[in-house]
Amino acid sequence: MDLQDKQIACKDCGAQFTFTVGEQEFYRQKGFEHAPTRCKNCRESKKQGGGMGGGGGSREMFSATCTQCGAPTQVPFNPSPGKPVYCRDCYQSRKR
C-alpha cells in the first residue's frame with residue numbers, strides 16, 4: 001500500500017493538520033486502526049483535562065462494588081453487568 005500525507009480537519013477546533021506518512025506507519029506498527037481526529041494542540045489539551053467541553057470540570061462518577069475486594073468505589077464510567085470493576089487499590093495491584 002502506497003501511503004501519502006493526509007489532511008485532516010480537527011474535530012474539536014476545525015483546524016487542518018497533516019497526518020504524515022511517518023505517523024501513518026507508526027500507527028500501523030502499533031496496530032491503531034483509525035487516523036487521529038484531533039490536531040496536536042487539541043490532543044495535548046485533552047490529555048491535560050481541558051479541551052472543548054472539558055474545561056477541567058468534574059466528571060460524572062458512578063457507584064460500583066470492587067470485584068476483587070468488595071469495597072464500594074466510584075468509577076468514571078457506567079459499569080456493565082458481568083464486567084469486572086476494581087477500586088483504585090485493586091486496579092493498581094493488577095497493573096503491576
Side-chain angles (χ1 to χ4, degrees):
M1 182 191 304
D2 191 28
L3 299 177
Q4 297 180 16
D5 288 354
K6 296 180 183 178
Q7 290 296 310
I8 300 174
C10 176
K11 76 176 198 175
D12 287 348
C13 71
Q16 292 286 319
F17 65 96
T18 303
F19 186 35
T20 67
V21 170
E23 291 168 331
Q24 292 174 52
E25 289 171 348
F26 174 80
Y27 270 53
R28 186 184 300 163
Q29 288 174 352
K30 293 292 183 181
F32 301 147
E33 296 180 6
H34 303 285
T37 57
R38 292 181 176 89
C39 66
K40 184 176 181 176
N41 289 338
C42 288
R43 283 194 310 263
E44 291 299 319
S45 178
K46 185 167 175 62
K47 284 180 188 177
Q48 295 173 1
M52 303 289 271
S58 62
R59 291 175 106 168
E60 180 179 7
M61 299 296 280
F62 298 87
S63 296
T65 302
C66 178
T67 301
Q68 188 167 325
C69 73
T73 188
Q74 294 278 309
V75 293
F77 57 89
N78 193 2
S80 299
K83 300 253 180 159
V85 175
Y86 301 101
C87 66
R88 182 179 305 265
D89 292 336
C90 291
Y91 180 77
Q92 291 297 328
S93 71
R94 292 178 60 82
K95 282 179 50 177
R96 293 183 201 140

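No donor-acceptor pair under 3.5 Å is formed between the side chain of Arg38 and the backbone N or O of Arg43.
Among all heavy-atom pairs drawn from Thr67 and Pro84, the shortest one is OG1-CA, 3.3 Å. Residues Cys42 and Asp12 come closest through the heavy atom pair SG-CB, 3.8 Å. Heavy atoms only, all atoms of each residue included: Gly14 and Ala9 are closest at O-CB, 4.2 Å. The shortest non-hydrogen separation linking Cys87 to Thr73 is CA-OG1, 3.6 Å. The shortest heavy-atom contact between Gly70 and Thr65 is O-CG2, 3.4 Å. Shown here for Ala35 and Ile8, the closest heavy-atom pair between the two residues is CB-CD1, 4.0 Å.
The closest side-chain heavy-atom distance from Ser63 to Gln74 is below 4.5 Å. Put simply, the side chain of Ser93 reaches to within 4.5 Å of the side chain of Gln68, judged on heavy atoms.
Distance CZ/Arg94 to OH/Tyr91: 9.5 Å, rounded to 0.5 Å. Expressed to the nearest 0.5 Å, how far CD of Gln4 lies from CZ of Phe19 amounts to 13.5 Å. A distance of 13.5 Å separates OH in Tyr86 from CD in Gln92, rounded to the nearest 0.5 Å. In this structure, the separation between SG on Cys66 and CZ on Arg88 is 12.5 Å, given to the nearest 0.5 Å. Distance check, rounded to the nearest 0.5 Å: CG of Leu3 to CZ of Arg28 gives 4.5 Å. Here the CG-CD distance, from Asp5 to Glu23, works out to 8.5 Å after rounding to the nearest 0.5 Å.
Under the rule for a ring-ring contact (aromatic ring centres under 6.0 Å, His included), the partners of Phe32 that lie at least two apart in sequence or sit in another chain are Tyr27. Taking Glu33 as the reference, nothing meets the side-chain hydrogen bond (donor to acceptor under 3.5 Å, both in side chains) condition, with sequence neighbours excluded.
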> Can you check side chain to side chain contact (heavy atoms under 4.5 Å, CB included) on Lys6 and Thr18, steps first, answer last?
Replying inline: CA-CA 6 Å; Lys6 296 180 183 178; Thr18 303; over 6 Å; no
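Note on Glu44 versus Lys47: salt bridge recorded, some NZ/NE/NH1/NH2 to OD/OE distance being below 4.0 Å.
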